[in-house]
Amino acid sequence: MPRTTTGPTADRPLASFPWEELVTSALLGTDRRPPVAPGGHVPADGPVALLDAVALHTVRRRAGLLPAVPGARPEPTPHDPRPQLPEAARHRLAQLLADRAAPAASGRRGAAPDLTELIPQWLATANRRGFRAPAALVPPLLDAARARTDLRPQALTFAGPLGLWLAALNPEWKFALRGSAGGSLVPDTSDPEAVRRLWEEGLFAERIALLDAVRVREPGAALALLTTTWPTERAEDRLMFLDSLRTGLGAGDEEFLEQALADRSRNVRATAAELLSALPSSAFAGRMAARATSCVNPDRTGAGSGAGASIAVEAPHECDAGMQRDGVAAVPPTGRGERSWWLVQLVEATPLGIWQEQFGGRPAEEIVALPVADDWAGELHAAWCRAAVRQRHPEWARALLGAASAPPAGSPGPASIAERSKLLAVLSEAERADWVAEFIAAHGLSEAFQLLGVCTVPWAGPLGRAVVDALDIARDGGSYPWSFSGVMGLAERCLDPAEADRLEVLTATPDEQEDASPGAGRYWSEAFQRLVSTLRLRAAMEAELT
């Protein structure tokens, strides 16, 4: 029990002092800051009097504390009907997530597989098989997805309704509610009232996810939804919403896109023009084709082996108001000529079928092989490449790529590997793999990294064999193994696990060659051991999820 203060301070007991003053006196010391009002009497035993007052204050504060109002208990998590993971697969996922959270080891990787890089593939397989995540592993899975955005779509799909339920309770996992379409809370798109409410009241990412979901189900309904709020949206939001129209793009979108050509935002206008150019029968495509064919024509002057045996180019002399309204940027980038800049924009927005009409029914392969007058070939072919990618035109992509075995400088299209990768993405999966396999056989792996990135996983037989053969040649040639670390990393994730047995022979340490890099043989041996171990681990993971 607190003592009663007596003596000179009875006229103002310490217990009546504000709590803040008592705390200040305690911090500074009762000698420097006596617990007494100015002009009052200092207590004979200041520290004891102070502690008595503090004890009394504490009892009062505790006695006066009002009970907290209990919050509403969260609703139970929705039922997830998907089957449970097999026990072996559950242990494997726990191992992968634990390895991700472990401190990074210093030094080179050695022969051990990189478990962290196998998480995306494991999740993709588990989702493909339709399993649900074990409840105990959902929190570390959400932590992994928070740290790595590339994991989020697959991780959130696997976490299912439990992941979203937990994300609503933990601010650190809010990306699951506001992130990609795979993780956002999208209502039943067949419920018009729920769709309208989320469209008008939802967060931006939720509205993007909603628009994407409605667009997949009914493109016209998504366009109608967008038009209800289009004039009031911010420019950056209009750009993202417009990009959603790529899914299910059709003639019904033309009127809206024509109106978007007059948008206040230059980026919105450019995107609208790009989408319209992917509609060959649109009025926009017709206008651009009329302009482009007035600039690019068969050479009918009689030069060459016959009329039309070459291509004549006369670039535009001005960028008029009509061209600018149709998305042609009048001011070129630094170092680029105005006329070539305008020409390329016209050609890339023109339907590619127009050129076959313009050149007498010749196929694309023959047209791109025609000589082009006045050194315009580079500009013209670059524009055709962009048109082939934009219009997803396999025939023109194939023609512009040329033979994979040909030197890049001798191909009709771009020498740039990045541009070739974009053209490859237009082709079928099988044709893509065959072309890249032929490219690697002819040119090796030094320039193939980006090309491999557009090939479907696992790499088809000929492509996988071409990569392994090229790595074997590089190893036998005494090349620096770390020069191929990027391709090795891709091979660990993308090679067919069935290749492991064929690679076993390459795990031995080769004899050092006189002209080889010092220690290269040992590094190559470790790299192939890691590759074989990873492929066998992937095969085990696949079996565990079967």
Set of residues satisfying salt bridge (charged side-chain N to carboxylate O under 4.0 Å, His left out) with respect to Glu87, sequence neighbours excluded: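 Testing Glu87 for salt bridge (charged side-chain N to carboxylate O under 4.0 Å, His left out), a comparison that skips the adjacent residues, returns Arg90.
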By salt bridge (charged side-chain N to carboxylate O under 4.0 Å, His left out) - contacts of Asp263 (at least two apart):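 By the salt bridge (charged side-chain N to carboxylate O under 4.0 Å, His left out) rule, Asp263 matches Arg238.
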Could you verify whether a donor N or O on one side chain and an acceptor N or O on the other, from [X] and [Y], lie under 3.5 Å apart?
X: Gln529; Y: Ser525; value: yes
X: Gln121; Y: Arg493; value: no
X: Ser244; Y: Asp212; value: yes

Test: Arg61 cationic atom under 6.0 Å from Trp19 six-membered ring centre, within 45° of axis: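 That pair qualifies as a cation-pi contact.
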Distance under 6.0 Å and angle within 45° of ring axis: Arg207 vs Trp199: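 Yes, Arg207 sits over the ring of Trp199.
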Between Phe484 and Phe449, ring centroids under 6.0 Å: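 No, ring centres 6.0 Å or more apart.
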Check: Trp230 ring centroid to Phe256 ring centroid under 6.0 Å: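 Yes.
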[atom1] ([X]) with more than 12 external heavy atoms under 6.0 Å:
X: Arg33; atom1: CZ; answer: no
X: Arg266; atom1: CZ; answer: no
X: Arg146; atom1: CZ; answer: yes
X: Glu504; atom1: CD; answer: yes

